[in-house]
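Atom set for the values below is all heavy atoms of this structure, side chains included, hydrogens, waters and symmetry mates excluded. As the structure is a prediction and not an experimental result, all values here were calculated from the model. Ligands are counted one by one from 1 in listed order, and the atoms in each one are counted from 1 as well.
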Amino acid sequence: MIIKKYTAETEEEAIMMAKEELGSNAIVMNMKKIKPRGFRRFFQKPSVEITAAVDDPAVAQASKPKVVKPEPKEEKSTDTSAIEKRLDNLAMLLEQKVANEAKQNKIVSDVAELARSSAGAESEKAEEPEVDEATKARDRFIELAYNQLHNNEVNENYAKTITEELKSKDSKTPLDEMLGFVYQKLVLKLGEIHTIDTLEDKTKFLFFIGPTGVGKTTTIAKLAATYKLEKDMKVALLTADTYRIAAEEQLKTYAGIMDLPIDIIYTADDLKEKMDSYKEYNLVFVDTVGHSYKNQEQREEIQALLDCIPIEQRDVFLVLSATTKYNDLLRITKTYETMTKYSMIFTKLDETGAYGNILNLKLATGAMLSYVAWGQNVPDDIGELNAQKIARQLLGGCD
Ligand SMILES: Nc1nc2c(ncn2[C@@H]2O[C@H](COP(=O)(O)OP(=O)(O)O)[C@@H](O)[C@H]2O)c(=O)[nH]1
Ligand SMILES: [Mg+2]
């Protein structure tokens, strides 16, 4: 198999280049419009990049041409070429797998056909076996895609809904196109990503809530560092986690290292009183006490803290660990749902290979996804959730 990328002004030109080099059997695996960025956009035209593949060219020339011209796809807004490349590889792997199985099925059906004809039962057939085979390959693809999602702990019902829609596709739809369809659906379902934003003339209070031990304090340290050091914002820390002696110290240590002001709030009234002293700050990160979703009293305390800050000035992030069981995550999110609107941060991606819960919780709560954390290093192990990357991983692609 030879895989190559071709860039030209138009799709047709790129396909011609591919055919010229790889032969008429080249298959277009992926097509992407490239918009020049930055100052380049003033003197460079947009171009089209295609990824084309062909089996061993010597073999390819001998067989029937099967160039597949994709429907023009929507322009991608982000720079996802590395992801696209891996997705292409993944598409090819899946396609090969399905093709191999189809070949095996064909051998089986050939043998059956031979047996029938030698028994003198040869009669009705014509085009049918080909259609049967395409349907079989499509169904097998659906099964594979479902299994991939399920192995990644995507909830069965969601995995089913997402893959079953493929049945409405023509059975002759190329497999890479079907894979692209599932991928796009996943990206869409993961939805828009919400990240920290600032107000022009007011301080934004960012609350981090969630169960104990999921990484709230560590996440605050990572984000506070990023916003102070990289984005040059005026940042302060507040902690309401006064239950555990070590918890207070932990944030104080980070504050010391990053040279950030830190204060402790014991009650909601404390916060109300102190609010004004943060006028000059862009962002105030508020660490809260981690609590069990069963503890009503602690929940009320958090609710009281949230209520101190006008809605436009507050942003709530529910911190969840990707390693927590789906049913527990559901319970946690339901509890917080009654208190406030929130976005979700998933931590400890480094401790699990299955990212299904990210999609599950997005679909179950409708809350926006925001950041993901993948380790204990402050501030490096955190970033905005990348829906394309998660979608690819859910389909079994590697990093
Ligand atoms: N492996 C891993 N550990 C993390 C991550 N985020 C936090 N931790 C660790 O999880 C433990 C609890 O973190 P902490 O911030 O104190 O959680 P909190 O109780 O929610 O504030 C600490 O040992 C952290 O270093 C992560 O993304 N991956
Ligand atoms: Mg903490």
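Contacts of Y355 classified as ring-ring contact (aromatic ring centres under 6.0 Å, His included), with partners at least two apart in sequence or in another chain: none.
Considering backbone and side-chain atoms alike, D287 places every N or O at 3.5 Å or more from each N or O of ligand 1. The shortest N or O to N or O distance between T218 and ligand 1 is below 3.5 Å. For ligand 1, the polar-atom distance check against K348 finds a nitrogen or oxygen pair separated by under 3.5 Å. The shortest N or O to N or O distance between L349 and ligand 1 is not below 3.5 Å.
Listed for the E49 side chain is no donor-acceptor partner under 3.5 Å among the backbone atoms of K32. Checking side-chain atoms of T333 against main-chain N and O of L330 turns up a donor-acceptor pair under 3.5 Å. Counting only distance, with no hydrogens or angles, the side chain of R138 and the backbone of K172 share no donor-acceptor pair below 3.5 Å. Formation of a donor-acceptor pair under 3.5 Å by the N152 side chain with backbone atoms of Q393 is found in this model.
The nearest non-hydrogen atom to atom 26 (C) of ligand 1, considering only G213, G375, A221, comes from G375.
Salt bridge annotation for K216-D287: absent, with no cationic side-chain nitrogen under 4.0 angstrom from a carboxylate oxygen.
Applying the 4.0 Å criterion to heavy atoms of Q250 picks out, from ligand 1, the atoms 14 (P), 15 (O), 16 (O). Every atom of ligand 1 with a heavy atom of E351 under 4.0 Å away is listed here by number and element: 1 (N), 2 (C). When each atom of ligand 1 is checked for a heavy atom of A373 under 4.0 Å away, the hits are 27 (O).
Using 4.0 Å as the threshold, D381 has no heavy atom nearer than that to any atom of ligand 1.
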Going by atom type alone, with no hydrogens or angles, which donor-acceptor pairs under 3.5 Å involve a side-chain atom of residues 362-370 and a protein atom two or more places apart or on another chain?
from, atom 1, to, atom 2, distance (Å)
K362, NZ, A367, O, 3.2
T365, OG1, L361, O, 2.7
T365, OG1, A367, N, 3.0
S370, OG, M344, O, 2.9

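Metal site remark for the Mg ion (ligand 2): T217 contributes an N, O or S atom at a distance under 2.8 Å.
Counting heavy atoms under 4.0 Å from ligand 1, residue D350 touches it through the side chain alone.
What you find for S321 and T347 is that their closest heavy atoms are CA-OG1, 3.5 Å.
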